[in-house]
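Side chains included, hydrogens not; waters and symmetry mates left out as well; all remaining heavy atoms used.
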Amino acid sequence: MIQPKVVEVDDLVKVYPNGVRAVSNISFNIAPGEFIGLLGPNGSGKSTVIKILSTLIRKTSGKVMVAGYNIDQHPEAVRQHIGVALQDVGLDDLSTARDFLFLQGLLYGLNRNAARQKVNELLELVGLTSVAGRKVGTYSGGMRRRIDLVSALMHDPVIIFLDEPTTGLDPQSRLNIWEYLRQLNRNGKTILLTTQLMQEADLLCRRIAILDLGKIVTAGTPEELKREVGGDIITVSIDSLNPSDRKAAIEKAGSIVKNLDYVLNTAALEDRLNITVREGGKVVADILRLLQDHRIIVSNLSLSGPTLDDVFLKYTGRNIRAEETAGGAANQAVRSLLRVGRR
Amino acid sequence: MSLLKQIYYLIVRDLNVRFKRPATFIPALFISGFFFLAFGYAFQSFTRLPGFPTTNYIAFLTPFILLQSMVFSSGDAGFSILTDILSGYFDKLLLTPINRFSILFASLFTASLRALIQALLIISLAVGLGVSFSTGIPGILAVIWFATTFGVAWSCIGIAVALLTRNAEATQSYFVLFFPAVFLTTGFVPLELLPGWFQTLARINPVTYVMNAARDIVVQGWTGTVLTGLIVLAAFTVVLMGVTTWIFRRSTA
């Protein structure tokens, strides 16, 4: 017997009224019990996919089935079976956490007793029982996330959609949320999560689709994806006061190592060179010596197994955190100015 | 779950989070009391004008006070929805399996409850200031109905602006409508005593007809003007509710 799918997305397209094609012919399926990640940078279409699947916005074309219901024909049935936590939490600040969750339960059709019981259970799960009588508006960012997350669980949905559930959280809160999500999945909940954090996708998800510019560029288990990179990554940082000197040095380093027989691929980034090699441990000394022979001053060199970032880089030629890198470059420019000033 | 139950839950929430603070009513009551004092006594001698329908100016002014307070507070419903939109709670409601119109209905119900309480308070104030209704208790009930319905109709405008703009400044700025709506009417003197151009503007303003109807109930009796006002108010309400429902549907699907 073929296992029924919880989500079936076939050739999904979303073009916004302003002409932006946010989602371009995406197809994927989710089986019961899976923990799936959509990994991609800002603007890759992750949130749009979540909003379409949870019936908040309409798709342009394609076919989407959620929990066995067509999202166009039975949106209310779809909503009854899904739990959604959007990127921006949606709380009623003037209400207490307990009242807020209780009302969620009632609106999902629970009777008063069942709703009360579920509220207690979920408050316990996220460790907020002792502050449940306080107004949500007085909560910290981490607490708000936790309440928002469990508000999606009041009605025991068959699948949970989470749009960047840990964005903007401090590391401790992030770890907490990760632990709840793992626990939920262990207890049989199907989860679809979007994130721009490689680590988050890697740690939590058993299957990942990498999105870029509204398309799925590759998909598989984290291990499969990293294997696609085909080797280890040697990262060579070159520190130079002058960005153009640095760029030249990075490019020169790239051309030096590119044709070595154990080098699979090179990628020149803002302040560093990523070299994909076979058997990194054996060749790292060789590469360092070669660069020194060409008078390239290496400020830092590291060897690592491939990460999902390398997978993204391989398929798109860009770093997934491009915005952050740009910010980093600006910081560096400020720092070099300061250094000049001190002389 | 039935639609009524959904609406009921949302109304209870509205009442709980916003309504149980009596402060909600203070601005509208303050301005009403102020107008009673400022205009009610300042313009008392208008009643000596030939053709003025009553000798009690406070009674003449009562419909004005009622209707202006409805327009004054009509932004509340829009702001409640806007607050939910901006906090993300509106989306959270859209994600639940409820009929989405129950959000709009609950909001309109809360608005009508607020209008009703306001009308009761103002009429008590008027009676306390010596206004006696020529039509007795049925007249008082009729005026309450006129004022409440009028308040709900205006609340529709606030909700529509909030849904269309999703922006606090814009939702705030529709308040400027208050001035022409309330002052370009027969609020202070009967139509016949207004200058010609003002008469024209007052005749275009639907508020005038509601005002005249309520006034006749207070100072004269069940005249034909009351029927005209009833028809104008019904049409005004149906149009605004229809447009707001259409905007609500468009912005939630």
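A cation-pi geometry, defined here as NZ or CZ lying under 6.0 Å from the six-membered ring centre and within 45° of its normal, does not hold between Arg182(A) and Trp178(A).
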Point to revise | Stepwise side chain to side chain donor-acceptor pair (under 3.5 Å) check, Glu124(A) with Thr129(A) | key: CA-CA 6 Å; Glu124(A) 202 61 45; Thr129(A) 306; 3.1 Å; yes
Exercise for review: Please assess Arg58(A) against Asp72(A) for the test salt bridge (charged side-chain N to carboxylate O under 4.0 Å, His left out), listing each intermediate value before the final yes or no.
Suggested key: CA-CA 8 Å; Arg58(A) 283 172 190 269; Asp72(A) 299 319; 5.4 Å; no
**Study point:** Verdict with supporting geometry, Lys92(B) and Ser151(A), side chain to side chain donor-acceptor pair (under 3.5 Å)
**Key:** CA-CA 9 Å; Lys92(B) 183 125 296 183; Ser151(A) 76; 3.1 Å; yes
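Looking at Leu86(B), there are no atoms closer than 4.5 Å to chain A (heavy atoms on both sides), in backbone or side chain. If you measure heavy-atom distances from Leu103(A) to chain B, the contacts under 4.5 Å come from the side chain alone. Using a 4.5 Å cut-off between heavy atoms, Val89(A) contacts chain B through its backbone alone, with no side-chain atom that close. Neither the backbone nor the side chain of Asp93(A) comes within contact range of chain B; no heavy atoms are under 4.5 Å apart. Contact of Asp99(A) with chain B is not made at all, since no heavy-atom distance falls under 4.5 Å.
Each of Thr96(A), Asp88(A), Ile57(A), Leu91(A) has some count of heavy-atom pairs under 4.5 Å with chain B, and the biggest count is that of Leu91(A).
Listed by chain and residue number, Tyr89(B) satisfy the ring pair (Phe, Tyr, Trp, His ring centres under 6.0 Å) test with Phe100(A) (two or more places apart in sequence, or in another chain).
Below 4.5 Å, heavy atoms of chain A meet no heavy atom from residues 147-174 of chain B.
Between Phe175(B) and Phe72(B), the distance from one ring center to the other falls under 6.0 angstrom.
Taking OH from Tyr9(B) and OG1 from Thr96(B), the interatomic distance works out to 12.5 Å, rounded to the nearest 0.5 Å.
Between the side chain of Glu34(A) and the backbone N or O of Ile191(A) there is no donor-acceptor pair closer than 3.5 Å.
When only modelled atom types and interatomic distance are considered, Asp163(A) and Ser47(A) share a side-chain donor-acceptor pair under 3.5 Å.
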